[in-house]
Amino acid sequence: MTSKISVLGAGSWGTALAIQAARNGNQTLLWGHQPEHIANLAEDRQNKRYLADLTFPDTLEVTDDIIQAAQFSDILLISVPSHVFLETLLKIKPFVGKKVKIAWASKGFNPETGELLHQIVANLFSAETPAAVLSGPSFAREVAVGLPTAVTIASTQQTFANQLAQIMHSPRFRIYTTPDIISVQVGGAVKNVLAIAAGIADGLGFGANTRAALVTRGIAEIIRLNTALGGQQETLMGLAGLGDLILTCTDNQSRNRRFGMALGQGKDREQAIQEIGQEVEGISAAKETYMLAKKYGVDMPITEQTYRVLYEGLAPLSAVQNLLQRDQKSETQY
């Protein structure tokens with residue numbers, strides 16, 4: 001059975017998810033806020049800016065009209081940078097029906113409060129509004145091309161998780177579900193910070209040993225914060241935790257990793273951002289994660305050093321040396 005779905009956010013990830021939904025036969029409307037960009041998508045029937053040479057399925061349409069996108073379907077899948085997540089919800093709220101269901105593929109926190117995104121949905125709409133997050137080890141182009149991928153949908157409302165999974169699932173885009181909405185969001189946000197750290201280490205010329213150590217100790221940091229926020233450790237051993245962390249820290253399709261590499265090679269923050277040319281979610285996530293760690297008294301040394309590089313001007317090599325000079329401790333000492 002096919003459905004209708006609105007995807008808000010016409011960047012690489014939003015476009016890839018819209019292609020996937022439409023490829024499954026669902027009537028899909030992709031919204032973007034830049035009229036010229038959307039006009040190009042409509043004319044070219046592809047997103048040449050982010051996903052060139054991938055033709056849209058016939059069931060995918062595009063619009064720059066937020067009212068049309070909000071009213072097209074009761075199911076909204078939001079794929080905008082996390083720092084404009086609340087702003088996007090505020091734009092659509094006057095135009096959605098009482099039966100609206102909100103999902104998102106954004107990864108991060110509310111930059112003003114450090115809230116998880118499901119808390120924003122509950123506060124702006126209601127605690128009963130069906131809400132779900134889609135996350136996991138997935139690069140946009142590989143999904144759009146149709147390469148085998150597996151992700152997680154987390155929702156406390158299993159019926160909505162199943163409905164969204166039915167829309168998106170296919171033999172080459174496997175969906176797993178979980179009620180642990182906290183862990184899936186924490187894993188998706190903090191892994192971007194750690195990917196910057198891994199990129200910095202590689203940019204400095206350190207090897208695979210260093211990268212593996214950062215990934216392994218990084219998941220320990222995610223677990224500590226996640227536990228403080230009420231999430232479950234087991235979830236982070238899956239796709240939305242360890243899986244996404246490994247992907248983002250080890251492959252150069254990761255913008256966060258490439259940004260870190262540029263810093264490690266001696267480029268300044270603005271130079272590195274310009275080179276990437278797209279949103280680098282780990283920059284804001286580093287500040288938000290660091291502030292949450294301080295608030296909850298969670299020890300997150302890799303996150304702290306990454307924050308200091310990005311916001312206090314600490315030299316990347318000094319950050320690595322600070323980590324290496326920490327006191328010896330038991331590995332199981334989370």
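As the structure is a computational prediction, the values presented were derived from the model and not from experiment.
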### Query
Is there a path of hydrophobic side-chain contacts, each under 4.5 Å between heavy atoms of I, L, V, M, F, W or Y residues, that connects Ile5 with Leu76?
no
#### Entry: Sole residue of Leu89, Ile102, Ile92 in side chain to side chain contact (heavy atoms under 4.5 Å, CB included) with Leu8
Ile92
### Query
Are any side-chain N or O atoms of Arg211 and backbone N or O atoms of Thr250, one a donor and one an acceptor, separated by less than 3.5 Å?
no
### Message
How close do Leu60 and Ala18 get, counting heavy atoms only, and between which atoms?
### Response
CD1-CB, 3.8 Å
### Task
Kindly say whether Pro111 contributes a backbone atom to a donor-acceptor pair with the side chain of His83 at under 3.5 angstrom?
no
### Check against side-chain contact (heavy atoms from CB on, under 4.5 Å), Ile67 and Phe72
CA-CA 8 Å; Ile67 300 176; Phe72 178 78; over 6 Å; no
### Message
When you group the ILVMFWY residues by side-chain heavy-atom contacts below 4.5 Å and let the links chain together, are Ile223 and Val190 in the same group?
### Response
yes
### Query
So, do Thr152 and Thr235 sit near enough that their side-chain heavy atoms are less than 4.5 Å apart?
no
#### Entry: Student check: side-chain heavy atoms of Trp104 and Val121 closer than 4.5 Å
yes
### Task
Would you sort out whether Ile19 and Thr28 count as a side-chain contact (heavy atoms from CB on, under 4.5 Å), showing the intermediate values?
CA-CA 8 Å; Ile19 288 173; Thr28 306; over 6 Å; no
### Query
Looking at Arg258 and Asp251, does any basic side-chain N land under 4.0 Å from a carboxylate oxygen?
no
#### Entry: Listed partners of Arg255 passing salt bridge (Lys or Arg N to Asp or Glu O under 4.0 Å), at least two apart
none
### Task
Provide the full list of salt bridge (Lys or Arg N to Asp or Glu O under 4.0 Å) pairs with a residue in residues 226-250, sequence neighbours left out, each pair given once.
Lys107-Asp244, Lys191-Asp244
### Message
Is there a side-chain contact between Leu194 and Leu214 in this structure, where contact means two heavy atoms from C-beta onward sitting under 4.5 Å apart?
### Response
no
### Message
As a quick check of understanding, evaluate side-chain hydrogen bond (donor to acceptor under 3.5 Å, both in side chains) for Thr59 and Gln27, giving each step before the final call.
### Response
CA-CA 5 Å; Thr59 50; Gln27 294 296 319; 5.5 Å; no
### Query
In terms of side-chain geometry, is the basic nitrogen of Glu221 or Arg217 positioned less than 4.0 Å from the acidic oxygen of its partner?
no
### Query
Quick one: salt bridge (Lys or Arg N to Asp or Glu O under 4.0 Å) partners of Lys267, sequence neighbours excluded?
Glu275
### Message
Once rounded to the nearest 0.5 Å, what's the spacing between atom CG of Asn256 and atom CD1 of Ile196?
### Response
5.0 Å
### Cation-aromatic face contact Arg269/Tyr311, 6.0 Å, 45 degrees
yes
### Task
Spell out, as yes or no, whether a donor-acceptor pair under 3.5 Å connects the side chain of Gln185 to the backbone of Leu117.
yes
### Query
What distance do Arg141 atom CZ and Asn47 atom CG have between them, rounded to the nearest 0.5 Å?
9.5 Å
### Query
Run the side-chain contact (heavy atoms from CB on, under 4.5 Å) check on Val80 and Glu279 step by step: do they pass?
CA-CA 10 Å; Val80 299; Glu279 190 75 28; over 6 Å; no
### Query
Between Leu242 and Ile222, does a side-chain contact (heavy atoms from CB on, under 4.5 Å) hold up when you go through it step by step?
CA-CA 9 Å; Leu242 189 57; Ile222 297 176; over 6 Å; no
### Message
Under a 3.5 Å cutoff, is there a donor and acceptor pairing between the side chains of Lys101 and Gln157?
### Response
no
### Query
Does the side chain of Glu142 come under 3.5 Å of the side chain of Thr149 through a donor N or O and an acceptor N or O?
no
### Query
Using a distance-only test with no angle check, is there a side-chain donor-acceptor pair under 3.5 angstrom linking Asn162 and Thr159?
no
### Task
Grab the two heavy atoms, one from Val298 and one from Ala228, that are nearest each other, plus how far apart they are.
CG2-CB, 3.8 Å
### Query
Do Ser183 and Gln232 have side-chain atoms, one donor and one acceptor, less than 3.5 Å apart?
no
### Query
Can you name the nearest heavy-atom pair linking Ser79 to Gly14, along with the distance?
OG-N, 3.2 Å
### Message
Take a 6.0 Å sphere around CG of Asn252 and say whether it holds more than 12 heavy atoms from other residues, nucleotides or ligands.
### Response
yes
### Message
Just verifying a value: how many Å separate Phe160 CZ and Thr177 OG1, rounded to the nearest 0.5 Å?
### Response
12.5 Å
### Exam field: side chain Arg257 to backbone Cys249, donor-acceptor pair closer than 3.5 Å
yes
### Task
Determine whether Ser170 and Arg23 make a side-chain contact, defined as any pair of heavy atoms from C-beta on separated by less than 4.5 Å.
no
### Query
Are Leu77 and Ile66 linked, directly or through other ILVMFWY residues, by side chains that come within less than 4.5 angstrom of each other?
no
### Query
What is the minimum heavy-atom distance between Asn123 and Glu115, and which atoms define it?
ND2-OE2, 2.8 Å
### Message
Just by distance, no angles: are the side chains of Asn26 and Thr2 close enough, under 3.5 Å, to form a donor-acceptor pair?
### Response
no
### Task
Taking all heavy atoms of Leu124 and all of Leu90, pick out the closest pair and write down the distance.
CD1-CD2, 3.6 Å
### Query
If every non-hydrogen atom of Leu51 is compared with every non-hydrogen atom of Ser12, which pair is closest and at what distance?
CD1-O, 3.4 Å
### Task
Scan for salt bridge (Lys or Arg N to Asp or Glu O under 4.0 Å) pairs involving residues 300-317, sequence neighbours excluded, and state none if there are none.
Arg308-Glu312
### Query
About how many Å separate CD1 of Ile200 and CD of Gln305, when rounded to the nearest 0.5 Å?
10.0 Å
### Rounded distance [0.5 Å steps], NZ in Lys295 versus CE in Met291
12.5 Å
### Query
Any side-chain heavy-atom pair from Phe85 and Ile78 closer than 4.5 angstrom?
yes
### Task
Kindly indicate whether the side chain of Val133, heavy atoms from C-beta on, has any atom under 4.5 Å from the side chain of Ile153.
no
### Query
Measuring from Glu61:CD to Gln68:CD, what's the distance to the nearest 0.5 Å?
9.0 Å
### Task
Look at the aromatic rings of Tyr307 and Tyr290 and report parallel, tilted or perpendicular, splitting at 30° and 60°.
parallel
### Query
By salt bridge (Lys or Arg N to Asp or Glu O under 4.0 Å), which residues pair with Arg49, not counting sequence neighbours?
none
### Query
Just wondering, do Leu41 and Leu30 contact through their side chains at under 4.5 Å, heavy atoms?
yes
### Query
What pairs of residues pass the salt bridge (Lys or Arg N to Asp or Glu O under 4.0 Å) test when at least one of them lies in residues 62-78, not counting sequence neighbours?
none
### Message
Using a 3.5 Å distance criterion without hydrogens, assess whether the side chain of Thr216 forms a donor-acceptor pair with backbone atoms of Ala212.
### Response
yes
### Query
Hey, does Ile38 have a side-chain heavy atom less than 4.5 Å from the side chain of Trp31?
no
### Query
Does one side chain, of Glu281 or Asn192, offer a donor that lies under 3.5 Å from an acceptor on the other?
no
### Message
Is there a side-chain hydrogen bond (donor to acceptor under 3.5 Å, both in side chains) between Thr227 and Gln233? Walk through the geometry before answering.
### Response
CA-CA 7 Å; Thr227 300; Gln233 179 175 330; 5.3 Å; no
### Query
Please walk me through it: do Thr129 and Ser126 pass side-chain hydrogen bond (donor to acceptor under 3.5 Å, both in side chains)?
CA-CA 5 Å; Thr129 300; Ser126 77; 3.2 Å; yes
